[in-house]
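Worksheet: one structure, shown below.
Here the structure is a predicted model, which is why all the values come from computation and not from measurement. We name chains A, B, ... by the order of the sequence lines, and we start the count at 1 in each one.
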Amino acid sequence: MSFYRTHHCAELRRTHADGDVTLSGWVASRRDHGGLVFVDLRDREGLTQVVFDPKELPGAHALRSEDVVRIRGRVAPRPPGTANPKLATGEIEVHASALDVLNRSETPPWPLDEENVNEDLRLQYRYLDLRRPAMTKNLRLRHAATSAVRAHLDGEGFVEVETPMLFKSTPEGAREYLVPSRVHPGRFYALPQSPQQFKQLLMVAGIERYYQMARCFRDEDLRADRQPEFTQVDLEMSFIEREDLYRLIEELMQRVWKTALGADLSAPFPRLSFREAMDAFGTDKPDRRYGMRLTDLTETFRASAFKVFAGVVATGGVVKAINVKGFADATQSQMDALTEQAKAAGAKGLAWIKAEGGTWKSPIVKFFNDAEKAALAERLQIEEGDLILFAADSWLSACETLGKLRAALAETLQKLGKLSLPKDVWDFLWVVDFPLMTFDAASQRHVSTHHPFTAPVAEDVPLLKTDPTKVRGQHYDLVLNGVELGGGSIRIHQPEVQRMIFEDVLKIPKDLSDSRFGYLIRALGFGAPPHGGIALGFDRLCAILCGAESIREVIAFPKNAKAQDLMTDSPGEVEPRQLRDLRLQTAKPQP
RNA sequence: GGUCGCGUAGCUCAAUUGGUUAGAGCGCCGCCCUGUCACGGCGGAGGUUGCGAGUUCGAGCCUCGUCGCGACCGCCA
């Protein structure tokens, strides 16, 4: 029998009555009645009420929040009328016969049952923050998700392989954390942004099915859903097509949701092409839990007397609109905010109609003829109380503008109580058929939309040399409730195709592509199997499982928005000797 | 780097139009209390209103600067 405990603090029931028990844990609260002291004893499982007779155990008076104690005593049913239905152990209490104070606690810097506390303080005393049942629950839910991922992939024949943390710098993409080499002065390792190249090399190695709970690093500015180090469920498979991967991930998500939440997800998840997603939602990560879909009105206004719309259509642009149901009562400042957001998204202005008081209030509706008005009413299903917002621009800009407004409006309407999203709806979908290449106006060359290892859709390959932006990539994004959970692709496995992408399409000079990716192209030349994979942002996934706003709520020791660890005060300074060993000098900050 | 928001007791927040000695709840300290579970009662300590300057007879409140934190934009192949 354990010295410290016979039971945990959520375990005892009426059936344990008259049993002698030992409990250990923290003092969650103390209610001192003078001649009788109640203490709620907390461990990671829950609370048990312990009753002290201070004539027997005078030390009970001195107990304070977060003291660590061991108590021995006898389980007793609570007197009639004093049971606490809010506690799992509320039918019983433990009458203490012995009290050992194992460790005293300083007064906590904030009451641990206070939810709404300055995050600085929580991060500085993260070990106290994590004692709170809400945080314990998050960590354990995350563990359940991790276990489910491992169990499922193990069952599918995957092998977990660790790849190097000390990698080399590949300047494309996110800024990297550099690690100076002591052995090779002036040279640097880089921490991996993802194990992308290693997992492809493992496919060449014949592993066939690889996965890893991979820690990744990116030295970019932080957000509520971005940390400098984060975790991906990273996997790669050989001899698969896209559909094989979709099925695997759908079953994996079903397993995770079942294990972590007891929820059943329906599969297959819907697939939307990039074009369909942009057309209907104005984003490549649509949240379909609410409406406000984009309606195309290009044909309606092709010959319109309203030159702003007709002119855009004449130059190949589009006119699109969304119907914001029940928001015709938007205030002037709300309309101003929407206009600002539209401008921030690249629009020149924001045209609108308010269906209010039986008429249409709008600065532009006077330019519309009856046929155009009728078409609007019909296509947008306009009813009293609706607010219509227009965008007229190139297809992509118009879609993106309305997409950003749609997302912002969903947030606003929720705050106003005009829109509510059910908590237990899991809107998974695949977004597919992304363009393989995007033309970057700044550098006047094509850049990979995803990464340069993505295979083109087979039938589009002839377009690679003539019109690269028309080529669809075998890339896929997994989206959940408007959050990009992850993405992946079928990879290029033929060295000549990979070389052509680097040199002919991306126009990377041969010596540069050789030095950066030569080993990968060489590896592909030794019988690389067809392969593909995906990486899922595990922190985001866990945040959604936990219903958390920020991934900091599901990471034990996260960094703040300035990438600092407030508990250990890192990053910190180092000894001059360490810098000498590394042949490093720090430049004085510019005045 | 930019925009916006916040900063008052250990914590969460108040403080009328710029007006007396900056308050409350929780927590903390002391005393009392045998059925509480947000225990209760009495008493007490605790403040450079982030920091600095300015306007004013007078600033927690207005202005400017600065620092800290957060959200967003840029960035994140």
- [ ] For B:U17 and B:C28, measure between their P atoms and round to the nearest Å.
- [x] 37 Å
Open item on the list: Check for me whether the distance between the ring centres of A:F517 and A:F453 falls short of 6.0 Å.
Closed with: yes
- [ ] Establish, from distance only, whether the side-chain atoms of A:R516 and A:Q197 form a donor-acceptor pair under 3.5 Å.
- [x] no
Task: 5′-ward residue of the pair A:K559/A:Q197 relative to RNA chain B - done: A:K559
Task: Rounded distance in Å between the P positions of B:C72 and B:U55 - done: 40 Å
- [ ] Please identify each residue that fulfils salt bridge (charged side-chain N to carboxylate O under 4.0 Å, His left out) with A:D129, with sequence neighbours left out.
- [x] A:R122, A:R126, A:R132
- [ ] Quote, to the nearest angstrom, the P distance that separates B:C39 from B:C29.
- [x] 15 Å
- [ ] Could you state the atom-to-atom distance from CZ of A:R175 to C1' of B:G74 in whole Å?
- [x] 11 Å
TODO: Starting at atom NZ of A:K285, determine the distance to atom C1' of B:C76, rounded to an integer number of angstrom.
DONE: 10 Å
- [ ] Could you give the distance separating B:A59 and B:G30 at their P atoms, to the nearest angstrom?
- [x] 40 Å
Open item on the list: Less than 3.5 Å apart, any donor N or O on the side chain of A:T412 or A:Q334 sitting next to an acceptor on the other?
Closed with: no
TODO: Starting from P on B:G2, measure out to CD on A:E340 and report it in whole angstrom.
DONE: 19 Å
- [ ] Please state how far atom OH in A:Y177 lies from atom C1' in B:C76, giving the value in whole angstrom units.
- [x] 12 Å
Task: A:E553 CD - B:G70 P separation (whole Å) - done: 13 Å
Open item on the list: Once you apply a heavy-atom cut-off of 4.0 Å, does A:D120 come out as touching a base, just sugar-phosphate, or nothing?
Closed with: sugar-phosphate
TODO: Would you mind checking if A:R499 and A:D514 are paired as a salt bridge, meaning a charged N to carboxylate O distance below 4.0 Å?
DONE: yes
Task: Distance, rounded to the nearest Å, where A:E549 contributes CD and B:C72 contributes C1' - done: 14 Å
Show the distances under 3.5 angstrom between N or O atoms of the protein and N or O atoms of nucleotides 10-13 of chain B.
unit_1: B:G10; atom_1: O2'; unit_2: A:P109; atom_2: O; d: 2.4
unit_1: B:U12; atom_1: OP1; unit_2: A:N118; atom_2: N; d: 2.8
unit_1: B:C13; atom_1: OP1; unit_2: A:N116; atom_2: ND2; d: 3.2

Task: Residue pair A:A28 / A:L47: nearest heavy atoms and the distance that separates them - done: CB-CD2, 3.8 Å
Open item on the list: Can you identify which nucleotide, out of B:A71, B:G74, B:G35, has its nearest atom closest to the A:A561 side chain?
Closed with: B:A71
Open item on the list: With a 4.0 Å limit, can you tell me whether A:R223 has a side-chain N or O closer than that to the phosphate oxygens OP1/OP2 of B:G70?
Closed with: no
Task: Short side-chain to backbone donor-acceptor contact, A:R175 and A:D219, under 3.5 Å - done: yes
Open item on the list: Using atom C1' in both nucleotides, what's the gap between B:U16 and B:G60 to the nearest angstrom?
Closed with: 14 Å
Open item on the list: Let's test your reading of the model: under 3.5 Å, does the base of B:G70 pair with the side chain of A:N560 as donor and acceptor?
Closed with: no
Task: Whole-Å P distance, B:G5 and B:G47 - done: 32 Å
Open item on the list: Is a donor from one side chain sitting under 3.5 angstrom from an acceptor on the other, for A:N103 and A:S105?
Closed with: no
Open item on the list: On a heavy-atom basis, which atom in A:P195 and which in A:T163 lie closest, and how many Å separate them?
Closed with: CB-OG1, 3.5 Å
TODO: Using atom CD of A:E220 as one end and atom P of B:C75 as the other, report the distance to the nearest whole Å.
DONE: 10 Å
Open item on the list: With a 4.0 Å cutoff (strictly under), does any side-chain N or O of A:Q341 reach OP1 or OP2 of B:C72?
Closed with: no
- [ ] Would you name the heavy atoms of A:V204 and A:A528 that are closest together and state the gap between them?
- [x] CG2-CB, 3.8 Å
- [ ] Give A:R552 one of three labels, base, sugar-phosphate or nothing, depending on what nucleic acid heavy atoms sit under 4.0 Å from its own.
- [x] sugar-phosphate
Open item on the list: Looking at every heavy atom in both A:E93 and A:P79, which two are closest together, and how far apart are they?
Closed with: OE2-CD, 3.8 Å
Task: Given RNA chain B, 5'-ward residue of the pair A:R218 and A:S550, judged by closest heavy atom - done: A:S550
Task: Inter- and intrachain pairs under salt bridge (Lys or Arg N to Asp or Glu O under 4.0 Å), touching residues 482-491 of chain A, at least two apart - done: A:E236-A:R491
Open item on the list: Among residues 474-494 of chain A, which ones have heavy-atom contacts with RNA chain B below 4.0 Å?
Closed with: none
Open item on the list: Can you pull out the residues from residues 123-134 of chain A that lie within a 4.0 Å heavy-atom distance of RNA chain B?
Closed with: none
- [ ] To the nearest Å, give me how far apart CG (A:D113) and P (B:G25) are.
- [x] 17 Å
Open item on the list: Would A:R104 and A:R64 count as a side-chain contact (heavy atoms from CB on, under 4.5 Å) here? Give the steps.
Closed with: CA-CA 8 Å; A:R104 294 283 181 190; A:R64 293 294 181 272; 5.6 Å; no
Task: Results of side-chain contact (heavy atoms from CB on, under 4.5 Å) for A:E56 - residues two or more places apart only - done: A:D53
- [ ] Check if the side chain of A:R226 and the base of B:C76 share a donor-acceptor pair of N or O atoms closer than 3.5 Å.
- [x] yes
Task: Option among A:R223, A:R540, A:R226 that satisfies the side-chain contact (heavy atoms from CB on, under 4.5 Å) test with A:I551 - done: A:R540
- [ ] For nucleotides B:A71 and B:G54, find the distance between their C1' atoms and express it as a whole number of Å.
- [x] 31 Å
TODO: Identify, with sequence neighbours excluded, every residue that meets salt bridge (charged side-chain N to carboxylate O under 4.0 Å, His left out) alongside A:E114.
DONE: none
TODO: Would you write the dot-bracket representation of RNA chain B, where each base gets (, ), [, ], | or . depending on whether it forms a Watson-Crick or G-U pair under 3.5 Å and with which partner?
DONE: (((((((..((((.....[...)))).(((((.......))))).....(((((..]....))))))))))))....
Open item on the list: With the threshold set at under 4.0 Å for non-hydrogen atoms, list the residues of residues 49-75 of chain A touching RNA chain B in residue-number order.
Closed with: A:Q49, A:K55, A:R64
Open item on the list: Pairing donors with acceptors under 3.5 angstrom, does anything connect the side chains of A:T170 and A:E176?
Closed with: yes
Task: Exam field: side chain A:H475 to backbone A:G488, donor-acceptor pair closer than 3.5 Å - done: yes
Task: Nearest heavy atoms of A:I490 and A:R242, plus distance in Å - done: CG1-CG, 3.6 Å
Kindly give the atom pairs (protein nitrogen or oxygen, nucleotide nitrogen or oxygen) under 3.5 Å for nucleotides 39-45 of chain B.
unit_1: B:C39; atom_1: N4; unit_2: A:D32; atom_2: O; d: 2.4

Open item on the list: Filter on ring-ring contact (aromatic ring centres under 6.0 Å, His included), then keep only pairs touching residues 25-70 of chain A, sequence neighbours left out; what's left?
Closed with: A:H33-A:F38
Open item on the list: Can you check the distance between B:G50 and B:G7, where both ends of the measurement are the C1' atom (answer in whole Å)?
Closed with: 6 Å
- [ ] Measure from the side-chain heavy atoms of A:K86 and tell me the nearest of B:A71, B:G68, B:A38.
- [x] B:A38
Open item on the list: If the condition is side-chain contact (heavy atoms from CB on, under 4.5 Å), which residues does A:P495 pass it with, not counting sequence neighbours?
Closed with: A:I521, A:L524
TODO: Could you check whether A:T449 gets within reach of a base, just the sugar-phosphate, or nothing at all, counting any heavy atom under 4.0 Å?
DONE: sugar-phosphate
